[in-house]
Every structure is written in C-alpha cells, then in structure tokens.
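Input: a single structure, listed below in structure tokens.
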Amino acid sequence: MSDKRTTHFGYREVDEDAKAGLVANVFHSVAGRYDLMNDLMSGGIHRIWKRFTIELSAVRTGQSVLDIAGGTGDLAAKFADIVGPTGRVVLADINESMLNVGRDKLLDHGYQGNLEFVQADAQYLPFPDDSFDCVSIAFGLRNVTDKALALRSMLRVLKPGGRLLVLEFSKPVNPLLEKAYDGYSFRVLPFMGRLVAGDSDSYQYLAESIRMHPDQDTLLGMLEDAGFVNCEYHNLTGGVVALHRGFKA
Amino acid sequence: MAPAGLDPTLTTAALAALEAALNRALALDPAGQRQLAGLAGRTFAIECTSPVVHVYLQPGAERTRLLGYYDGPVTTRVRGSAADFAQLAGASDPAATLINGNLVLQGDSAPLIELQGIIGRLDLDWEAPLVNVLGDVAGHQLAQFLRAGFSAGTAASSSLLRQLEEFIHEEARLTPPRLEVEDFYGDVQALQQRVERLQSRLERLRKRIRSAGQ
Ligand SMILES: C[S@@+](CC[C@H](N)C(=O)[O-])C[C@H]1O[C@@H](n2cnc3c(N)ncnc32)[C@H](O)[C@@H]1O
C-alpha cells in the first residue's frame with residue numbers, strides 16, 4: 001500500500017497536493033463566465049439561498065466579516081452594504097483569477113473602503129485569532145482538500161460568540177428530487193459548461209464534487225468535531241442545498 | 001417568516017419580491033422615503049402567532065429591508081394573531097387600538113405608528129410580486145394578509161385566514177411540494193433529451209465539416 005495521501009477530485013482519486021492544482025485549473029478556466037454559469041445552473045435561485053444566508057448571519061453595522069472562497073463577490077457585496085463604512089469585509093479566495101474578477105466587479109459597482117481582497121487558502125487563513133464576527137463560505141467547502149483543517153482554521157479566526165455559515169450543495173430529502181437533480185448536474189451541466197464557458201470538464205468536476213460532498217448530518221458532525229457549538233442546519237429547496245451554522249463558544 | 005418546516009427558499013423568495021416592490025413604491029414617494037429614512041437603524045418585528053409568520057422590517061436611508069429571520073436587537077415588537085392585526089388595520093384610531101387591543105407590544109410604539117402611516121399611504125401592490133413567487137392561490141392569500149396589516153379599512157376575512165393556515169400546513173408537510181418535484185423532474189427529462197439531440201447534431205456537423213475539409 002502506498003503511503004501517499006489521496007483525496008477525491010470529483011470521482012477520481014488523486015493525491016492531495018495535486019488536488020489544489022486541479023481545483024485551481026477548474027476555477028481559472030471558468031472565472032470570466034462564472035456569474036453567468038451560476039445563474040444558468042441554478043435558475044437564479046442561488047441568489048435566494050444567499051439571501052437566506054445573509055439573514056442567518058445576523059451581521060450588523062460596524063461588524064467584521066470574512067467571506068472565504070468568495071469568488072466573484074456576491075456575498076461580500078451584500079455584507080459590505082450591511083456593515084457600512086465603520087465595518088470591514090474581507091473577500092478571500094485561493095484563486096487569483098476569481099479574485100480579480102470579483103475585485104473588478106465590486107470596484108465597478110462602487111464598493112471600496114470597507115472591502116479588502118485577500119488571496120488565501122481556507123485551510124491556512126492568514127488572519128490573527130479572534131478577528132471576525134462572522135465567517136461565511138458559500139459553495140466553497142466541497143473544493144477544499146482537508147475540510148476539518150479548514151473548519152478549525154475558521155474557528156480560530158472567529159471572535160468568541162461569532163458565527164460560521166456554510167452554504168453548500170447537499171443531499172435532497174426526496175428520492176425523486178435527488179434523481180432529477182443528478183440527471184441535471186451530470187448531463188446538462190457539463191454540456192452547458194461547454195457551450196457557455198467553453199469547458200465541459202470543469203463542470204463535470206463541479207457535478208461530481210457536489211455528489212462527493214458530505215451530507216447534512218455528516219457536515220453537522222464535522223462542525224461539532226472542529227469545536228463549533230449550537231450547530232444546526234436548514235435544508236433549502238428540499239435539501240438540494242443546506243445552510244449549516246455554528247458558533248464559537 | 002419561518003413557519004416550522006416550510007422551505008426557507010419559498011419564504012425568502014417571497015420576502016425578496018416584497019422588499020423589491022416596497023422599495024420601488026418608496027422610490028416614487030420621496031416624502032415617504034425621507035420620513036422612513038428618519039427611522040433608519042431600527043428593527044420592527046411583526047410576529048403573527050396564527051398563522052405563524054414573522055417579518056422583520058429595517059428602514060434604511062436608501063433601502064428598506066424585509067427579513068424572515070433575525071436575531072439581533074429589536075426596537076419595537078408587535079405580536080398577535082392575524083385577527084388582531086386585522087383589527088388594528090380597520091381601526092379609526094390605530095394608536096388607541098395598539099394600546100388597548102389584543103396585540104402585545106414591546107418597545108417604542110410611536111415609531112411603529114409612524115411606520116404604519118408611511119406604508120399605509122404607499123401605492124403598493126403587495127399581490128403581484130407574491131403571486132409571481134408563490135403561485136396564484138397562495139400568493140393572493142398572503143397578499144391579502146399583508147394588506148390587512150398595513151392599509152386601514154381592509155379586514156382579512158376569517159375564511160381567508162383559514163385558507164392561509166391550511167396552505168402553510170400543506171406546504172410544511174410536503175417539503176418540497178410533490179407537484180413541484182414532478183414538474184422539475186419532467187423539465188429535466190425534456191432538457192436532457194434536447195441536450196442529447198443537440199449533441200448528436202453537433203456530432204453530425206463536425207463530421208460534415210471534417211469530410212468537407214478533405
Ligand atoms: C463555486 S465557487 C463559489 C464562489 C462564491 N462563494 C459563490 O457562492 O458564488 C468556489 C470558489 O472556491 C474557491 N476555492 C477553492 N478551493 C479553495 C480553498 N482551499 N480556499 C479558498 N478558496 C477556495 C475557488 O477559487 C472558487 O472561487
């Protein structure tokens with residue numbers, strides 16, 4: 001048996017170091033078209049899921065928020081509106097192309113002053129302990145190689161009493177819905193990916209990574225194992241997506 | 001707005017649609033908008049106990065937010081059954097009804113009365129955005145409920161409230177609603193077939209281009 005640590009890249013087994021590079025390729029190749037694909041993929045409903053995430057964050061004026069795997073900045077923009085000029089929002093992403101697209105888009109929309117952009121890996125967050133009132137990660141955790149390591153890192157940078165929100169694809173509660181969703185994500189998505197972003201492999205990976213992601217209760221257990229308290233989750237759209245929340249004691 | 005078991009996607013979408021309609025109406029009423037901006041920084045909790053519907057309203061200088069879930073500090077909280085809210089809406093003297101009626105009030109009452117005045121005067125179609133999101137029947141009922149709460153003179157009928165309650169229970173039992181799932185499944189199958197047809201057409205085209213190039 002080989003002692004090289006392996007991990008999942010979609011349905012393929014790859015070694016851990018290779019995964020980060022493969023994930024980076026996926027997002028480099030789709031960065032420019034990411035928003036468009038996002039809307040097409042979910043029929044725009046991801047906006048509603050994100051809105052619910054913002055509500056459960058209970059973020060207020062003057063607070064500090066870290067949005068990890070923030071991509072093109074949907075959540076960060078909303079948070080920046082809410083915390084206002086006395087607050088602070090950090091948009092972090094491991095991928096330079098996504099970060100650049102996000103930065104250009106938000107600066108175009110007049111965001112500046114309370115918004116920072118940081119290239120960072122969720123597993124090794126470059127911030128001091130107890131820095132943020134809220135940490136969010138939307139559709140990002142499934143791409144992270146060592147999720148437990150990332151969750152502990154998020155706990156560390158949260159202030160005591162602060163909250164973590166994880167929005168992620170999950171397991172539909174209804175078998176019929178699950179079947180329909182599989183058909184959609186495995187056959188339709190890669191094809192649309194080829195038409196719109198010129199890249200079906202990336203979307204094939206996205207579909208596979210959705211299936212490999214831990215289900216609701218497994219992820220809840222992972223939050224608890226990492227040291228979060230009062231953990232809970234809400235199923236959205238019948239469990240196609242779930243929002244998990246945990247607090248730092 | 002979080003009745004136990006109801007898919008938050010639905011309620012969140014309904015509130016997003018209402019919030020957009022409210023802000024559109026405010027944009028056409030600069031005086032109302034200015035007055036509302038004076039209430040910025042406050043959070044009003046409107047909590048209906050039967051049927052269970054919680055809505056939080058946060059006036060802002062530029063935009064007023066409607067939330068279904070909120071656990072920060074609340075300036076004014078008003079709680080009661082839909083019938084109690086209907087009584088307030090129909091009252092000739094809302095202030096007296098607030099104090100003497102069945103509604104339970106916590107916090108400052110003056111801003112609440114001001115808020116009710118501003119929104120009640122708006123030319124606001126509660127119905128269209130809700131109908132779009134929730135489908136005709138449920139949307140119409142929810143709109144009636146909201147109208148009853150904000151515009152004087154319209155009282156929600158008890159049959160309406162019963163229907164709304166039934167709707168919420170029905171929704172809570174089936175998450176997601178079976179019909180919706182079946183529709184979605186049908187759509188996906190149709191889409192799959194179209195994708196397959198398109199793929200084979202592409203393939204044929206590619207072959208033709210290749211043979212033309214030889
Ligand atoms: C599907 S996008 C989600 C973007 C955005 N949060 C949204 O909801 O639209 C996933 C993002 O995760 C980023 N990502 C992947 N692995 C990461 C890691 N280890 N640390 C930080 N970001 C990562 C990718 O670069 C990409 O921008």
Side-chain angles (χ1 to χ4, degrees), chain A residues 40 42-63 78 81-82 84 133 163 165 167 172-195 200 230 233-243 245 247, chain B residues 1-2 4-17 19-20 40-43 54-56 58 60-63 65-74 133 171 174-200 202:
Chain A
L40 286 178
S42 63
I45 208 164
H46 69 105
R47 292 177 201 286
I48 299 296
W49 298 330
K50 285 173 181 164
R51 189 185 158 102
F52 184 66
T53 306
I54 301 268
E55 289 191 4
L56 261 79
S57 77
V59 164
R60 297 195 298 277
T61 310
Q63 290 191 324
K78 293 265 164 38
D81 285 337
I82 297 170
D133 297 291
R163 54 184 85 191
L165 292 154
L167 182 65
V173 289
N174 177 315
L176 191 54
L177 182 65
E178 189 177 8
K179 209 163 137 216
Y181 191 71
D182 271 2
Y184 174 73
S185 60
F186 280 98
R187 320 208 36 189
V188 182
L189 280 191
F191 184 71
M192 291 207 310
R194 190 156 90 215
L195 287 186
S200 61
N230 297 331
Y233 67 82
H234 299 261
N235 279 327
L236 300 171
T237 311
V240 166
V241 161
L243 178 64
R245 184 168 73 162
F247 292 80
Chain B
M1 194 154 67
L6 192 57
D7 195 314
T9 314
L10 200 65
T11 50
T12 306
L15 282 177
E19 182 186 285
R42 294 167 205 267
T43 301
H54 292 185
V55 180
Y56 302 87
Q58 291 182 323
E62 274 146 41
R63 234 188 124 68
R65 292 174 76 198
L66 287 182
L67 314 173
Y69 189 99
Y70 176 78
D71 59 11
V74 165
V133 173
E171 282 293 305
L174 313 160
T175 348
R178 189 156 186 93
L179 250 171
E180 208 176 87
V181 174
E182 273 157 11
D183 267 6
F184 181 61
Y185 191 52
D187 285 353
V188 168
Q189 281 185 323
L191 199 57
Q192 253 173 32
Q193 279 167 8
R194 293 217 309 269
V195 164
E196 273 155 23
R197 274 204 299 276
L198 208 55
Q199 252 165 342
S200 57
L202 273 177

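In this text the structure is predicted, and so the values were computed from the model without any measurement. Numbered from 1 within each chain, the chains take letters A, B, ... in sequence-line order.
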Counting distance only, does the side-chain N/O of A:E55 pair as donor-acceptor with the main-chain N or O of B:L67 below 3.5 Å? no
Considering non-hydrogen atoms only, spot the tightest contact between B:A16 and A:I48 and give its length. CB-CD1, 4.2 Å
Between A:I82, A:I54, A:V241, which residue shows the highest count of heavy-atom pairs closer than 4.5 Å to chain B? A:I82
Within this structure, what is the CG-CZ distance for the pair B:D71 and A:R163, rounded to the nearest 0.5 Å? 4.5 Å
Answer yes or no: is there a side-chain heavy-atom contact under 4.5 Å between B:R65 and A:D81? no
Between atom CZ of A:R51 and atom OG1 of B:T12, what is the distance when rounded to the nearest 0.5 Å? 7.5 Å
ring-ring contact (aromatic ring centres under 6.0 Å, His included) filter on A:Y233, not counting sequence neighbours, yields A:H244
